[in-house]
Engineer: 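Below you will find the structure I want to go over with you.
The model shown is predicted, which means the values in this text are computed figures rather than measured ones.
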Amino acid sequence: MRARAVLTMFAPVPQAEAEAKPEPSRWQAARQRLRQHSRLVAGSALALAAGIATLAFYNPNTQGYATGIGEMRQVSLAEGSSLALDTQTSLKVAIEGDARVVHFDEGRALLRVRHDAARPFRVVAGPVTITDIGTVFQVVRRGDGVSVMVSEGEVEIASPGVRMRLGAGQMVSLDGAGRPVAHALSAAAIERATAWTSGRIELDGERLDTAIDEMNRHNQLKISLGDPALGGEKLYGAFRLDEPEAFARTAALSVGAQARDQGNTIHIAR
C-alpha cells in the first residue's frame with residue numbers, strides 16, 4: 001500500500017487532461033514546482049521509512065516457533081543444537097555471525113546446545129539471560145516467572161542485580177522482581193521434570209492442583225476440582241499427558257473422590 005501511494009505521486013498526468021489545462025502563470029508555475037518538490041521529499045521519506053520498517057521487521061536469520069494446546073515439537077538448528085518445545089510455547093531463534101540467541105516468549109523448552117566459544121548461545125526470557133557453556137538445560141517461562149534447570153554442563157544466569165552459574169543437577173527460579181531461589185535436584189527429580197519430552201507426567205508427592213494445571217495445559221478437555229482442599233492432596237505415579245480421563249479417574253480414586261464427565265470438563269469432587 002505504501003509503494004502504491006508513492007507510485008501514485010509520480011504517475012504521469014494523462015495526455016488529454018494535460019492538454020485541457022490552461023497554461024499556468026509564472027507565479028502558479030513556481031508554486032506548482034514547490035508543491036511537486038514537497039511531494040517528492042515526502043514520498044522519499046515515506047519510502048525510506050517503509051524500507052526501514054520492513055528491514056526491522058524482517059530478518060532472514062530469525063525464525064519463530066510456536067506450539068498450540070496439546071502440541072509438542074522438536075526443532076533442529078542448522079548449527080547443531082536442538083530444542084524440544086512443550087505445549088503452548090512460543091520463541092524466536094536468531095542465528096547471527098557471532099551469536100546464537102533464543103528470544104523466549106512463554107512456555108517450556110529443553111535445549112541441547114552445541115558448544116561454540118566463538119558463537120555463544122544465549123536464551124533471553126524477559127529480563128533474564130541464560131548463556132550456555134556446553135549444556136543441556138530446561139527453561140520455563142510463565143507470566144513474569146522464569147526457571148532454569150541444568151541436567152548437563154553449565155550455564156550462566158544474568159538479570160538485573162543477579163549473576164550466577166548453575167551446574168548439572170541445579171535449578172533456579174526467578175520471580176517478576178528477579179529474586180532467585182536456587183536448589184539442587186537429584187537425577188530422579190531431573191528425569192521427572194523432563195518427562196514431558198516423552199509425553200508423560202511423573203509425580204512423586206506433587207500436589208493434585210499442580211498436576212491438574214499441567215494436564216490442562218496439554219489438553220482441550222479440562223479437569224476441575226469441586227473442593228479446593230483436594231488440591232493439596234499428594235499424588236504418586238506416571239501418566240500420559242494426552243489421557244486426561246484416565247488421569248482424572250485415577251487421581252480421584254487416590255484422594256477418595258469421584259471423577260464426573262461434564263462434557264468439556266471432568267469434575268473431581270468428594
Engineer: Mind checking whether Y65 and L83 have side chains closer than 4.5 Å, heavy atoms only?
Structural biologist: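 Not touching, per the 4.5 Å side-chain cut-off.
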Engineer: With salt bridge (charged side-chain N to carboxylate O under 4.0 Å, His left out) as the criterion, how do R119 and E79 come out once you've worked through the C-alpha distance, each side chain's angles and the decisive distance to 0.1 Å?
Structural biologist: CA-CA 10 Å; R119 287 200 302 174; E79 45 76 53; 5.1 Å; no
Engineer: Contact between R122 and R100 at the side-chain level, heavy atoms closer than 4.5 Å - yes or no?
Structural biologist: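 No, their side chains stay 4.5 Å or more apart.
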Engineer: What is the distance from atom CG of D242 to atom NE2 of H218, rounded to the nearest 0.5 Å?
Structural biologist: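 Here the rounded value is 9.5 Å.
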Engineer: When hydrophobic residues are tied together by side-chain contacts of less than 4.5 Å, even through go-betweens, does L85 share a cluster with I201?
Structural biologist: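 No; I201 is not reachable from L85 via cluster members.
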Engineer: Please say which of T87, T194, D86 ends up in a side-chain hydrogen bond (donor to acceptor under 3.5 Å, both in side chains) with R108.
Structural biologist: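 Considering T87, T194, D86, a side-chain hydrogen bond (donor to acceptor under 3.5 Å, both in side chains) with R108 is found only for D86.
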Engineer: I'd like to know if L241 and L110 are part of one continuous hydrophobic network [Ile/Leu/Val/Met/Phe/Trp/Tyr, side-chain heavy atoms within less than 4.5 Å].
Structural biologist: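 As far as the 4.5 Å side-chain criterion goes, L241 and L110 are connected within one cluster.
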Engineer: Which atom pair, heavy atoms only, marks the closest approach of E202 to A238?
Structural biologist: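 In this case the closest contact between E202 and A238 is CG-CB, 4.0 Å.
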Engineer: Scan the side chains in residues 128-139 for donor-acceptor partners under 3.5 Å anywhere in the protein, sequence neighbours excluded, and list what turns up.
Structural biologist:
| unit_1 | atom_1 | unit_2 | atom_2 | d |
| --- | --- | --- | --- | --- |
| D132 | OD1 | G134 | N | 2.8 |
| D132 | OD1 | T135 | N | 2.7 |
| D132 | OD1 | T135 | OG1 | 2.6 |
| D132 | OD2 | G134 | N | 3.1 |
| T135 | OG1 | I133 | N | 3.2 |
| T135 | OG1 | E154 | N | 3.4 |
| T135 | OG1 | E154 | O | 2.5 |
| Q138 | OE1 | W196 | NE1 | 2.8 |

Engineer: Tell me which pairs pass side chain to side chain donor-acceptor pair (under 3.5 Å) where either residue lies in residues 249-258, with sequence neighbours left out.
Structural biologist: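 Those involving residues 249-258 are Q258-R260.
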Engineer: Just by modelled atom types, is the G68 backbone N or O under 3.5 Å from a matching donor or acceptor in the E71 side chain?
Structural biologist: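 Looks like yes, one N/O pair under 3.5 Å.
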Engineer: Salt-bridge test for R141 and D105: reply yes if a basic N is under 4.0 Å from a carboxylate O, no otherwise.
Structural biologist: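 Result for this pair is no, no salt bridge flagged.
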Engineer: Are Q88 and I69 side-chain neighbours, meaning at least one heavy-atom pair lies under 4.5 Å?
Structural biologist: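 Q88 vs I69: side chains touch.
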Engineer: Could you walk me through whether R192 and E206 pass side-chain contact (heavy atoms from CB on, under 4.5 Å), step by step?
Structural biologist: CA-CA 11 Å; R192 288 195 301 273; E206 281 77 13; 4.3 Å; yes
Engineer: Flag the pair R142 and E106 as a salt bridge only when some basic side-chain nitrogen lies within less than 4.0 angstrom of an acidic carboxylate oxygen.
Structural biologist: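 Looking at E106 together with R142, the answer is no, because their closest N to O distance does not fall below 4.0 Å.
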Engineer: Which heavy atom of A251 sits nearest to which heavy atom of L208, and what is that distance?
Structural biologist: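 Result for this residue pair: CB-CD1, 3.9 Å.
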Engineer: Can you give me the closest heavy-atom contact between V146 and A125, atom names plus distance?
Structural biologist: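 Shortest heavy-atom separation between V146 and A125 comes out as CG2-O, 3.9 Å.
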Engineer: State, with a plain yes or no, whether a side-chain heavy atom of S224 is found less than 4.5 Å away from one of K222.
Structural biologist: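 When only atoms from C-beta onward are counted, K222 and S224 do not touch, as no gap falls below 4.5 Å.
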Engineer: Do L77 and F121 have side chains that get closer than 4.5 Å, going by heavy atoms?
Structural biologist: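 Side chain of L77 against side chain of F121, heavy atoms only: contact under 4.5 Å found.
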Engineer: Which residues end up grouped with I190 if you chain together Ile, Leu, Val, Met, Phe, Trp and Tyr wherever their side-chain heavy atoms are less than 4.5 Å apart?
Structural biologist: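 I190 shares its hydrophobic cluster with M149, M171, L185.
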Engineer: Which pair of heavy atoms, one from R217 and one from E214, lies closest together, and at what distance?
Structural biologist: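 Closest approach of R217 to E214, heavy atoms only: NH2-OE1, 2.6 Å.
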Engineer: Return the minimal non-hydrogen interatomic distance between A257 and A269, and the atom names on each side.
Structural biologist: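 Looking at all heavy atoms of both residues, the closest pair is CB-O, 3.1 Å.
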Engineer: Any link between V75 and V101 through a network of hydrophobic side chains (Ile, Leu, Val, Met, Phe, Trp, Tyr) touching at under 4.5 Å?
Structural biologist: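 As far as the 4.5 Å side-chain criterion goes, V101 and V75 are not connected within one cluster.
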Engineer: In the single-linkage hydrophobic clustering (I, L, V, M, F, W, Y; side-chain heavy atoms under 4.5 Å), do V123 and M164 co-cluster?
Structural biologist: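 Cluster IDs for V123 and M164 match.
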Engineer: Tell me, yes or no, whether the heavy-atom count around D209 atom CG, taken from other residues, nucleotides or ligands under 6.0 Å, exceeds 12.
Structural biologist: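 Yes, the 6.0 Å shell around CG holds more than 12 heavy atoms from other groups.
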Engineer: Hydrophobic clustering (ILVMFWY, side-chain heavy atoms < 4.5 Å, transitive) - are L174 and L166 grouped together?
Structural biologist: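 Same hydrophobic cluster.
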Engineer: Pair K92, Q63 - check side-chain contact (heavy atoms from CB on, under 4.5 Å), show working.
Structural biologist: CA-CA 6 Å; K92 292 180 286 293; Q63 179 68 50; over 6 Å; no
Engineer: Distance alone, cut at 3.5 Å: any donor-acceptor contact between the side chains of S76 and Q74?
Structural biologist: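 No, because no side-chain N or O of S76 sits under 3.5 Å from a partner of the opposite role on Q74.
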Engineer: Does a donor on one side chain sit under 3.5 Å from an acceptor on the other, for D261 and H267?
Structural biologist: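 Distance-only check fails for D261 and H267.
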Engineer: Quick test of your reading: applying salt bridge (charged side-chain N to carboxylate O under 4.0 Å, His left out), list the pairs with at least one residue in residues 224-237, sequence neighbours left out, ordered by first then second residue.
Structural biologist: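 Checked against salt bridge (charged side-chain N to carboxylate O under 4.0 Å, His left out) - neighbours excluded - the pairs reaching residues 224-237 are D227-R270.
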Engineer: Mind jotting down which residue pairs meet the side chain to side chain donor-acceptor pair (under 3.5 Å) criterion with at least one end in residues 166-180? Sequence neighbours excluded, please.
Structural biologist: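 Those involving residues 166-180 are D175-R179.
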Engineer: For F247 and L235, run side-chain contact (heavy atoms from CB on, under 4.5 Å): C-alpha distance rounded to whole Å, both residues' side-chain angles, the deciding distance at 0.1 Å, then the answer.
Structural biologist: CA-CA 11 Å; F247 168 82; L235 288 184; 4.0 Å; yes
Engineer: For A248, give me all partners under side-chain contact (heavy atoms from CB on, under 4.5 Å), at least two apart in sequence or on another chain.
Structural biologist: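 Checked A248 against side-chain contact (heavy atoms from CB on, under 4.5 Å); matches are I223, A259, I266, I268.
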Engineer: Go through the steps to decide whether M72 and T89 satisfy the test side-chain contact (heavy atoms from CB on, under 4.5 Å), and finish with yes or no.
Structural biologist: CA-CA 9 Å; M72 289 185 279; T89 296; over 6 Å; no
Engineer: Considering non-hydrogen atoms only, spot the tightest contact between A117 and P120 and give its length.
Structural biologist: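 In this case the closest contact between A117 and P120 is O-CD, 4.2 Å.
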Engineer: Just wondering, do L221 and T265 contact through their side chains at under 4.5 Å, heavy atoms?
Structural biologist: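 Contact flag for T265/L221 side chains = no.
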